[in-house]
Amino acid sequence: MFLSLFPPKGRHLLVRRLHSAKQFTNPSGEDILFRAICTNLRQKKWKFLDSVLPSMTSSTVCRVFHEFRNSPPVILEVYYRIGGVRYILDSLTSCGIVIHLMVNSKRYDEALCLIKELMIAKGHSPLDVLKTLLNSQRDFDFSGCAAFETLVRACTDVGSSRGAYEVIKQLRMEGFQVSVHAWNNFLNHLLKVGDVAQFWRVRKEMISYSYVENVITFNWTIYALCKEHRVIEAISVFYRMLKNGIIPNDVTLNMLIHGACWIGDCDMALKLIQKIVIHWLYKEGDVVGASVLIADMFKRNICPDRYTYSTLISGLFRNGQINEALKHYTYILEKNLIEDAFSHNIVINYLCRTKNISRAKQILCSMFVRGLVPDLGTYGSLIDSYCKAGDMENALQTYNDMILSAKKNPNLVIFNSIMDGICKEISVDAGKAFLSGMRDTGLFDVITFNTLLNSYCAGGQVDNALNLLASMRKEGISFNRVTFNIMVNFFCKVGSFQQAKKLVNVMRAQGINLDGVTYATFITCAMKERRGAEEVIELHDFLVLQGVIPDTQIYKEIIRPLLLLQNEHMLT
DNA sequence: ATAGGGTTAG
């Protein structure tokens, strides 16, 4: 088999030389191998690679890539034949070439994978990878920003907001213009991880570079304002959008409805639904060419859809307008406007949150009756509420029903719910075993680890907690705010406020902002520890200086009285 | 590309 791969002439000699190349990794051996590979590749004799694979080092691969740098198909073929990442991971140059080629041939997922491996398995920083990509772009005449933008995406995928930002900044310094698309993706990521403050900074920066916002940018802006309950401003952004000649779409409309529900103005939401988005525009009178735009929206069939109604119902529940919510739910049931499980899930989830699991189960049954298949969200809500109620038996029963009767495979969220239930209701060791099962399925994330970490901390198992943190790092799972909050809580609870403060510094250095939970953790622990007023206030000052917005309730109930007391003291 | 439900921390 080995022999048939060689050209007949001189076959014997080549095999012998190859054989010695295998045994003695001297430079000439590698040279012979390299030349043999090149000759065979030029003749498109791919199978030759398979046979010499055991003798190929990453430096040979790198030389081959360099040799064929102007023949992308050859390099990609070699890359796949040698089995992908592991043979080239040691050589940043090879990786740079392959990433560019993958992106140019629109194999984004594979490029993403390779970049992530470089960062996770090899520990290269995002800026290291960028440098490599810039070098190979220069050395091999690649063009465009697509490879760099894939790197940004890889950073956000592994949870490194800071890495993504650094890459974008560095690219700017190198004179590259990242696309609006890439900025939008990054903005989306910041909203996803809940870093609204950073969202605003990045958006401002993007505009300061005179990027033209498109409909997606505007939609994210409206969404961010709605999330912060700044609906009036969201509406004014909507107007600005019209003025800029950017036609809002159904997503824009649904986001505004979302915002209206958040501030409890469901009437406004309803009006938006009835598209009264016209009367109202004319009344404001400041919209140039509104009629044209609105006519266009009509043409594009922007009307209430499944998102609209589920957004509204969910908003009503959140505002405590239960009857209103149920009224709309019944309405869409009667009118047969429901196409999927979503609206049912919202009701089920409300019932679960209010510990009405039996009624939630009734809705599940009614879904079957209506011929509507419950989805993972339906089961997820039920399973989680059983777990939270400490009823692992029913949680696992529902889990089995889902798999056996509904033939649905659990997803990450459901695994995480069960993980939490197991840790809290069974044992942390059982949780650890469950994690290894999750690892086997490839479904685990930072939440999974946080859940187990929290259990270790709650049980005072410091060594296990630290080991878990180390393995997170090894597997490329970035710590998030919750990870830090768990550790801060641990240190505060054992009275090591100094350690907890050190952690806060690490958080800040990693670009993770503190939040109300961090604040509440410090202050409530200090109170429980019966620390003196002076120390508690000092902690408060420290946190405020770190940029945290104090939790309103804690500030009112604890800090303000302490400050008043201190003032009185100073006066007397 | 973007929007609705379900997972971790006080």
Side-chain angles (χ1 to χ4, degrees), chain A residues 149 153 179-189 191-192 214-224 226-227 248-259 261 305-315 317-318 340-350 352-353 360 374-385 387-388 410-421 423-424 443-455 457-458 480-490 492-493 515-525 527-528 551 553-554:
Chain A
E149 293 182 3
R153 176 65 192 279
S179 68
V180 175
H181 193 141
W183 282 96
N184 285 344
N185 277 341
F186 186 47
L187 289 173
N188 172 23
H189 164 78
L191 288 179
K192 239 186 220 155
N214 64 17
V215 62
I216 308 283
T217 326
F218 271 108
N219 282 352
W220 284 131
T221 307
I222 288 174
Y223 185 69
C226 289
K227 266 191 116 163
N249 57 17
D250 38 1
V251 178
T252 322
L253 195 78
N254 284 330
M255 282 169 166
L256 280 172
I257 289 168
H258 183 88
C261 288
D305 59 11
R306 55 211 172 107
Y307 286 98
T308 317
Y309 284 109
S310 54
T311 304
L312 177 69
I313 293 171
S314 152
F317 273 128
R318 278 179 206 284
D340 58 19
F342 241 100
S343 302
H344 297 283
N345 292 350
I346 290 164
V347 182
I348 286 179
N349 187 250
Y350 165 75
C352 285
R353 275 203 320 262
D375 65 9
L376 289 174
T378 325
Y379 285 107
S381 286
L382 281 166
I383 290 170
D384 189 60
S385 63
C387 287
K388 290 224 162 53
N411 62 8
L412 185 54
V413 176
I414 291 178
F415 275 144
N416 283 339
S417 285
I418 292 182
M419 177 70 166
D420 194 46
C423 285
K424 288 191 177 123
L443 278 181
F444 58 91
D445 66 356
V446 63
I447 296 180
T448 322
F449 280 93
N450 286 345
T451 306
L452 188 59
L453 180 72
N454 187 47
S455 260
C457 288
N480 65 11
R481 184 179 301 153
V482 178
T483 320
F484 280 103
N485 282 343
I486 290 168
M487 293 312 292
V488 164
N489 183 39
F490 172 76
C492 288
K493 253 171 42 189
D515 66 357
V517 178
T518 328
Y519 179 85
T521 305
F522 268 101
I523 304 298
T524 51
C525 280
M527 292 303 285
K528 269 187 204 145
D551 179 285
Q553 204 184 343
I554 304 252

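We name chains A, B, ... by the order of the sequence lines, and we start the count at 1 in each one.
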Checklist outcome for this item: Contact span of DNA chain B against chain A, any nucleotide atom under 4.0 Å from a heavy atom, 5' to 3', runs dA1(B) to dG10(B)
Next on the checklist: Please classify the nucleic acid contact of N184(A) as base, sugar-phosphate, or nothing, using heavy-atom distances under 4.0 Å.
Outcome noted: base
Checklist entry - If you look at every strand shown and take non-hydrogen atoms under 4.0 Å, does R153(A) touch a base, only sugar-phosphate, or nothing? => result nothing
Checklist entry - With a 4.5 Å heavy-atom cut-off, do S343(A) and R306(A) have their side chains touching? => result no
Checklist entry - What's the shortest heavy-atom distance between D384(A) and S417(A), and which atoms? => result OD1-OG, 3.0 Å
Next on the checklist: Using a heavy-atom cut-off of 4.0 Å across all strands, would you classify K424(A) as base, sugar-phosphate, or nothing?
Outcome noted: sugar-phosphate
Checklist entry - Base, sugar-phosphate, or nothing: which does Y307(A) touch, judged by heavy atoms less than 4.0 Å apart? => result base
Checklist entry - Could you give the distance from CG (L312(A)) to CD1 (I257(A)), rounded to the nearest 0.5 Å? => result 7.5 Å
Checklist entry - Touch check for I216(A), heavy atoms < 4.0 angstrom, all strands: base, sugar-phosphate only, or nothing? => result base
Checklist entry - Is L452(A) touching bases, backbone alone, or none of the nucleic acid, heavy atoms closer than 4.0 Å? => result nothing
Checklist entry - Looking across every strand, which nucleic acid part, if any, lies under 4.0 Å from K227(A) by heavy atom: base, sugar-phosphate, or nothing? => result nothing
Item to check | Touch class at under 4.0 angstrom, heavy-atom based, for S385(A) against every strand present | outcome: nothing
Checklist entry - Which of parallel (below 30°), tilted (30 to 60°) and perpendicular (above 60°) describes H258(A) and Y223(A)? => result tilted
Checklist entry - How is N349(A) classified with respect to the nucleic acid when contacts are heavy atoms under 4.0 Å: base, sugar-phosphate, or nothing? => result sugar-phosphate
Checklist entry - With sugar-phosphate meaning primed atoms plus P, OP1 and OP2, does R306(A) contact a base, only sugar-phosphate, or nothing at under 4.0 Å between heavy atoms? => result base
Next on the checklist: For R481(A), is the CZ atom crowded, meaning more than 12 foreign heavy atoms sit under 6.0 Å from it?
Outcome noted: yes
Checklist entry - To the nearest 0.5 Å, what is the distance between CD1 (I554(A)) and CD1 (I523(A))? => result 7.5 Å
Checklist entry - Contact class for D445(A) vs. all strands (heavy atom < 4.0 Å): base, sugar-phosphate, or nothing? => result nothing
Checklist entry - Between V517(A) and V482(A), is any pair of side-chain heavy atoms under 4.5 Å apart? => result no
